[in-house]
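Remember, predicted model here, so these are calculated numbers, not experimental data.
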Amino acid sequence: MKRKEWKEKGKLLLINLFLILICFATLVPILYAFSVSINEQNSLLSSDFSFIPQKMTLENYRKVFMEEPVLLWFKNSCLLAVATVTVSLCTGIPAAYIFSRRRFPGRSGILQMLILLYAFPSLLSMTALYKLLSPMGLINTRLGLIIVYTGTMAVFALWNMKGYFDTIPVEIEEASMIDGASPIQIVTKIVLPLAKPTIAVTAMMVLIYVWNEYIFAINFMTGESTYTLAAGLYSLQANETSGSWPVFSAASLAVSLPILIIFFALQKNMASGLTSGGVKG
């Protein structure tokens, strides 16, 4: 028995070591970018570049906030992210609950059509979206980009939330209905509190999508004043002769901090997952 236990502990140790190595491997690009960001010289592509800079400086971070319109791009991304997350959840959650609890004609066909449309790369819809939004004057506007983002992520929110609603026993709602709870009370006081972890995960995924989305932002928005962070960061290196890799790296790290802060703030809800259970309601 002891031999078997030691064997299991050895396997667990090897798995943990392997996962730790993977974690360190994923940190290498971040550490590399940080090294470049504090490098005084723009020598990324030169032969004398070293992982530990010979001359360190924080001047690149000062340039990010003082000489580049990063704060404006940050504002644009925040507006788009808040609007997209809000609309996607406000439409996706009710739709997910209806598709999970109700059986109506065409339900399966609609779900299959939505998942089929979501399976196609968004790049294929670029021309169609441009032709739809252009006559309405929504090109180069935040509203137009919000519509594009919401149309994509509302479907994701629907499918992600529906999968969780399917796991909540219907008996809980039936028992609450017998106790005199109205349908609205059942949803707001029982179903949504149980779905809090999944709502947090869905909101985080939508936020990350909007924060990193590049294709639509660079094609539907023109001019530095309308750029999002993804489009703005690209513009910093658009000109290979004048682009500064240290400034670009500093900007990339700086704009990643808000997402990390939000992730750690939601980590408790995200980690709880499906373990809350029906008895908690």
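- Separating the OG1 atom in T198 from the NZ atom in K162 is a distance of 13.5 Å, to the nearest 0.5 Å.
- With rounding to the nearest 0.5 angstrom, the CG atom of L257 is 11.5 Å from the OG atom of S252.
- T167 contributes a side-chain N or O that, together with a main-chain N or O of Y164, makes up a donor-acceptor pair within less than 3.5 Å.
- Between L158 and L111 the shortest side-chain heavy-atom distance falls below 4.5 Å.
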Quick one: do V85 and M204 satisfy side chain to side chain contact (heavy atoms under 4.5 Å, CB included)? Show the steps, please. CA-CA 8 Å; V85 170; M204 191 68 197; over 6 Å; no
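- F264 and I208 fall within a single hydrophobic cluster, where Ile, Leu, Val, Met, Phe, Trp and Tyr side chains are chained together by heavy-atom contacts under 4.5 Å.
- The two residues G180 and Q185 make their nearest non-hydrogen contact at O-OE1, 4.2 Å.
- V82 and V255 sit in two unconnected hydrophobic clusters of ILVMFWY residues. Membership requires side-chain heavy atoms under 4.5 Å apart, directly or through other members.
- With sequence neighbours left out, the side-chain contact (heavy atoms from CB on, under 4.5 Å) criterion links I184 to S182, T188.
- Expressed to the nearest 0.5 Å, how far CD1 of I20 lies from CG of L13 amounts to 8.5 Å.
- The closest side-chain heavy-atom distance from M221 to T228 is not below 4.5 Å.
- Using a 4.5 Å cut-off between side-chain heavy atoms of Ile, Leu, Val, Met, Phe, Trp and Tyr, with links allowed through other members, V148 and I215 fall into the same hydrophobic cluster.
- Rounded to the nearest 0.5 Å, atoms CD1 (I147) and CG (L132) are 10.0 Å apart.
- Residues Y227 and L72 are not in side-chain contact: their nearest non-hydrogen atoms beyond the backbone lie 4.5 Å or more apart.
- Side-chain contact check for F18 versus I15: every heavy-atom pair is 4.5 Å or farther apart.
- Atom CG in L143 sits 9.0 Å away from atom CE in M136 (nearest 0.5 Å).
- For the pair A33 and S249, the tightest heavy-atom approach, listed with the atom from each and the gap, is O-CB, 3.4 Å.
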What do the steps show when you test L133 against F220 for side chain to side chain contact (heavy atoms under 4.5 Å, CB included), and what is the final call? CA-CA 10 Å; L133 297 178; F220 283 27; 3.7 Å; yes
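- Listed for the E213 side chain is a donor-acceptor partner under 3.5 Å among the backbone atoms of A217.
- When side chains are defined from C-beta on, S77 does not count as touching W73, because their heavy atoms never get closer than 4.5 Å.
- Counted within 6.0 Å of CZ on F34, heavy atoms from surrounding residues, nucleotides or ligands total 12 or fewer; the atom is thus considered open.
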For L80 and I146, what are the C-alpha separation, side-chain angles and deciding distance, and is it a side chain to side chain contact (heavy atoms under 4.5 Å, CB included)? CA-CA 6 Å; L80 291 171; I146 289 171; 3.5 Å; yes
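- Both I98 and F165 are part of a single hydrophobic cluster, where members link through side-chain heavy atoms under 4.5 Å apart.
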The test is side chain to side chain contact (heavy atoms under 4.5 Å, CB included); show your working for L229 and N76 and say whether it passes. CA-CA 8 Å; L229 283 171; N76 292 337; over 6 Å; no
F99 and F104: CA distance, side-chain angles, deciding distance, ring pair (Phe, Tyr, Trp, His ring centres under 6.0 Å) verdict: CA-CA 9 Å; F99 276 104; F104 51 88; 5.5 Å; yes
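- Residue pairs meeting the ring pair (Phe, Tyr, Trp, His ring centres under 6.0 Å) criterion with at least one partner in residues 188-211, sequence neighbours excluded, are F74-W211, Y149-Y209.
- Between the side chains of S100 and D166, at least one donor-acceptor pair of N or O atoms lies under 3.5 Å.
- Within the 4.5 Å cutoff, the side chain of M126 has heavy atoms near those of the F216 side chain.
- For S88 against A157, the heavy-atom pair with the smallest separation is O-CB, 3.8 Å.
- For the pair I30/L253, a side-chain contact is recorded, criterion being any heavy-atom separation below 4.5 Å from C-beta on.
- Between the OG1 atom of T226 and the CG atom of N140 there is a distance of 4.5 Å, given to the nearest 0.5 Å.
- Contacts classified as salt bridge (Lys or Arg N to Asp or Glu O under 4.0 Å) and involving residues 168-182 (residues at least two apart or in different chains) are given here: R101-E173.
- Side-chain atoms of S35 do not come within 3.5 Å of backbone N or O of L31 as any donor-acceptor pair.
- Linking Ile, Leu, Val, Met, Phe, Trp and Tyr whenever their side-chain heavy atoms come within less than 4.5 Å puts M161 and I115 in one cluster.
- Annotation for E68 and V247: closest pair CG-CG1, 4.4 Å, computed over non-hydrogen atoms.
- Residues Y97 and I93 are not in side-chain contact: their nearest non-hydrogen atoms beyond the backbone lie 4.5 Å or more apart.
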